[in-house]
Amino acid sequence: MDYRLQMNDISKRFGEVQALRDVDFTVGSNEVVGLVGDNGAGKSTLIKIITGYHAPDSGEMYFNGEKTEGLTVARARQLGVETVYQERALADLQTLWRNIFMGREISGRFGFLDVDKMMHETEELMVGSMGFTSSAVAPDSVVRTFSGGEKQGVSIVRALHFQADLIILDEPTMGLALSEVRKLLEFVQGIKEAGKSCIFIDHNIFHVHSVADRIVVLDRGEVAGEFVTADIPLEELMDKMYRVAQTGSLD
Amino acid sequence: MTSRVEDQSIGQIGLWRTSLARLGRNYGLQIGIVGVLVAIWVIFVIGAPRTFLSPSIYAAYMSTIPFFAVMALPLTMVIIAGEIDLSFPSIMAIGTLAYVSTVGATGSIPLAVIACLIAGFLAGLLNGVIVVKLGIPSLVATIGTQFFYRGAVLVLTGGKPASLVSAKGAIIREALVGRIGNYLPAQMIWTIVVAVLVWIFLNRHRFGAHVYLIGDNEESARLMGVNAAWTRMMVFAVVGVAAAFGGILASMEVNYFWVTLGEGYLLRTLAAVFLGGTSVFGGTGTVFGTFIACFIIGAIEAGIVAIGLTGFWTQLIYGLIIVISVALQSLLGRRLA
Ligand SMILES: Nc1ncnc2c1ncn2[C@@H]1O[C@H](COP(=O)(O)OP(=O)(O)OP(=O)(O)O)[C@@H](O)[C@H]1O
Ligand SMILES: [Mg+2]
């Protein structure tokens, strides 16, 4: 199997907290991986290492078979990683188009911005993917006044816009209306059909079970187990999740 | 038929209304600040028509306002980035000292101007390094470097001023502070050049986009790949260059380098930035607002003198302007939130 991402023996500590311990984690070149575990299990920490935000204390990472060291967020995005962070990563006082292109502005050789192009693409995204109908919203509207779900939409559309090879979604359904959740899950299926990869984190096991090819269970910073979704019925997965939370072991 | 036309026109009006509202939201502060400038001007013209209708007062304005305006414009970026710099008045002196020393050593005035700007850049960069690499709040860091830079100037000069007469007649001096057509001070042109440059970099360049982002929400910016540390260090360095430039303009104008150069500039420069609508909380602010506010500050100073009040009043009024501006920002911010 071809791997989009391979991580070996990744550890990360924040002061007294060992957030991750010797974690091995892979994502296939056309695979949706569900990542589940209790609050504080280390899911967000793991994906922030993949996005280059945190540097691991130890361990190795390979993107498309090539070893990467000193990864930065900008480099990871060049490598085709886009992310919906749990904390949404928006700048409230800035306009919609500046949020969409945050850290990845369209610019010429000397760094001068192509504002018209960014505004135009934002406009298209609003009509096409975001489904914004309110007339008060324009590419140069400030996102501070958006509703929670709208902000969430901005963050999701931003991740999908750049045609990334690996899309990371950290609790993307949180705060979304039912119809929006359905749309999001269809998006994830679309990622799979387009031959791309996805890491999908969600506390709702129904969502994860319905879209993931494989599910990895994290517990207190360690991988407690993993399952191919097709091989494990939903009820059994739920039983195992409870058991992990209580005893720290799957069986 | 008619009803469709009416529907359309209602739609048109609605569209107009939302775009007017957006105009108000986006440019309200800038329209307001221009209103303040015009109001002050009208009051002065009515109060002292002979002074304020003669061209000479405006020549005087345009000769003195640039000294702090060239610093206030880049300082706007520091404030937008959520930081502050109190050390730039001392960097004015550092820069001119570098100029004087270089002229003394090489006799070359162009070289000396370059040395001046480099000294300013390094002093500003040191501020940035202390803030970013050591994680010290910029308020505290630049109080420290303010005294450190001033102290360095005093130690190196022994407190002795120096003459800049050697630059008299030199092309560079004419270009920096000469009078175009015997009227327009060249430093005014430089102020416009600085304003245009800062505007372009702030609004039409990745650098400025990142300045806004780190001032608004640094965590978000970093999660999305913005190099916050580099951006932060560079805004301090740019203010350093600007302060050295302001210092050399002010010294060239009077042909003299006083070791106290820069004292008195802190308050009016900061007042211009805050009065111009740049948020003390970071994330918002405009070059246009600062530019207009510089002229308001200059006008107020002239007004204080014209009314016959002492210089003590200027401090009181600048202080009041800062307090009122930031208080208004806080109140407005709370209303929007
Ligand atoms: N920047 C940080 N500094 C200090 N500790 C941190 C930091 N980030 C995470 N931690 C700690 O690391 C552990 C793992 O956190 P993480 O956010 O990865 O959990 P999670 O699995 O995403 O949880 P949740 O489901 O609640 O989002 C927690 O104990 C958390 O307190
Ligand atoms: Mg998390």
Side-chain angles (χ1 to χ4, degrees), chain A residues 44 47-48 51-54 71-79 81-95 97-108 110-116 118 134-145 151 155 158-159 162 168 170, chain B residues 11-23 25-28 80-82 197 199-231 234 278-279 281-286 329 332-337:
Chain A
S44 296
I47 63 109
K48 281 180 186 169
T51 68
Y53 182 75
H54 288 315
L71 187 69
T72 62
V73 177
R75 179 86 189 107
R77 294 185 81 179
Q78 276 171 12
L79 288 168
V81 179
E82 289 294 335
T83 311
V84 174
Y85 290 101
Q86 193 172 357
E87 49 272 66
R88 300 312 163 230
L90 298 176
D92 268 357
L93 302 175
Q94 310 307 315
T95 57
W97 69 266
R98 282 179 186 269
N99 272 282
I100 295 282
F101 291 96
M102 186 190 302
R104 205 168 171 179
E105 299 82 6
I106 299 177
S107 57
F110 300 103
F112 290 102
L113 302 178
D114 190 341
V115 174
D116 286 344
M118 288 190 275
S134 151
S135 67
V137 170
D140 61 352
S141 302
V142 167
V143 302
R144 158 192 230 164
T145 53
K151 285 187 187 177
S155 161
R158 176 172 65 186
F162 290 101
I168 300 173
D170 193 350
Chain B
Q12 284 282 338
I13 291 167
L15 213 73
W16 260 101
R17 214 173 272 154
T18 48
S19 47
L20 257 184
R22 187 174 305 135
L23 206 74
R25 225 179 306 121
N26 291 354
Y27 300 105
I80 292 172
L197 279 179
W199 188 90
I200 288 176
F201 273 93
L202 201 49
N203 296 291
R204 288 293 179 272
H205 196 271
R206 292 171 62 95
F207 179 72
H210 294 177
V211 170
Y212 279 109
L213 290 169
I214 63 174
D216 187 341
N217 190 330
E218 171 163 3
E219 163 98 352
S220 294
R222 288 181 43 220
L223 282 169
M224 297 312 291
V226 170
N227 191 339
W230 189 84
T231 307
M234 286 321 288
T278 298
S279 168
F281 306 107
T284 60
T286 63
Q329 286 164 13
L332 273 173
R334 225 175 290 163
R335 219 192 58 195
L336 287 174

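All chains are named by letter (A, B, ...) in the order of the sequence lines, taking the proteins before the strands, and each is independently numbered beginning at 1. Bear in mind the structure is a predicted one, so any value in this text is a computation, not a measurement.
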In terms of relative ring orientation, are A/F112 and B/H205 parallel, tilted or perpendicular, with 30° and 60° separating the classes?
perpendicular
Does any non-hydrogen side-chain atom of B/D216 lie less than 4.5 Å from one of A/R144?
no
Side-chain contact, heavy-atom cut-off 4.5 Å: B/R222 with A/V73?
no
Where do A/L90 and B/S220 come nearest, in terms of heavy atoms and distance?
O-OG, 2.8 Å
Relative to chain B, which segment of A/R88 carries a heavy atom at a distance below 4.5 Å: side chain, backbone, both, or neither?
neither
Output all residues satisfying side chain to side chain donor-acceptor pair (under 3.5 Å) with B/T231, sequence neighbours left out; order by chain, then residue number.
none
Pick whichever of A/G52, A/A74, A/S107 has the most heavy-atom pairs under 4.5 Å with chain B.
A/S107
Approximate separation, where rounding is to 0.5 Å, of A/N99 CG and B/M224 CE:
9.0 Å
Which portion of A/Q94 sits near chain B, non-hydrogen atoms under 4.5 angstrom:
both
Tell me, for B/F201 versus chain A, whether the close heavy atoms (under 4.5 Å) come from the side chain, the backbone, both or neither.
side chain
So OG1 of B/T284 and CG of A/D92: to nearest 0.5 Å the spacing works out to 12.5 Å
What part of A/L93 is in contact with chain B, defined as an atom under 4.5 angstrom from a non-hydrogen atom: side chain, backbone, both or neither?
both
Is there a side-chain hydrogen bond (donor to acceptor under 3.5 Å, both in side chains) between B/E219 and A/Y53? Walk through the geometry before answering.
CA-CA 10 Å; B/E219 163 98 352; A/Y53 182 75; 3.0 Å; yes
Under 4.5 Å between any side-chain heavy atoms of B/L223 and A/K48, yes or no?
yes
Best-contacting candidate, A/F110, A/F101, A/Y85, against chain B by heavy atom pairs under 4.5 angstrom:
A/Y85
Checking A/T95 now: which residues fulfil side chain to side chain donor-acceptor pair (under 3.5 Å) with it, not counting sequence neighbours?
A/W97
Between B/A209 and A/E105, what is the shortest heavy-atom contact and its length?
CB-OE2, 4.1 Å
Kindly give the heavy-atom pair with the smallest separation between A/L113 and B/R206, and that separation in Å.
CD2-N, 3.7 Å
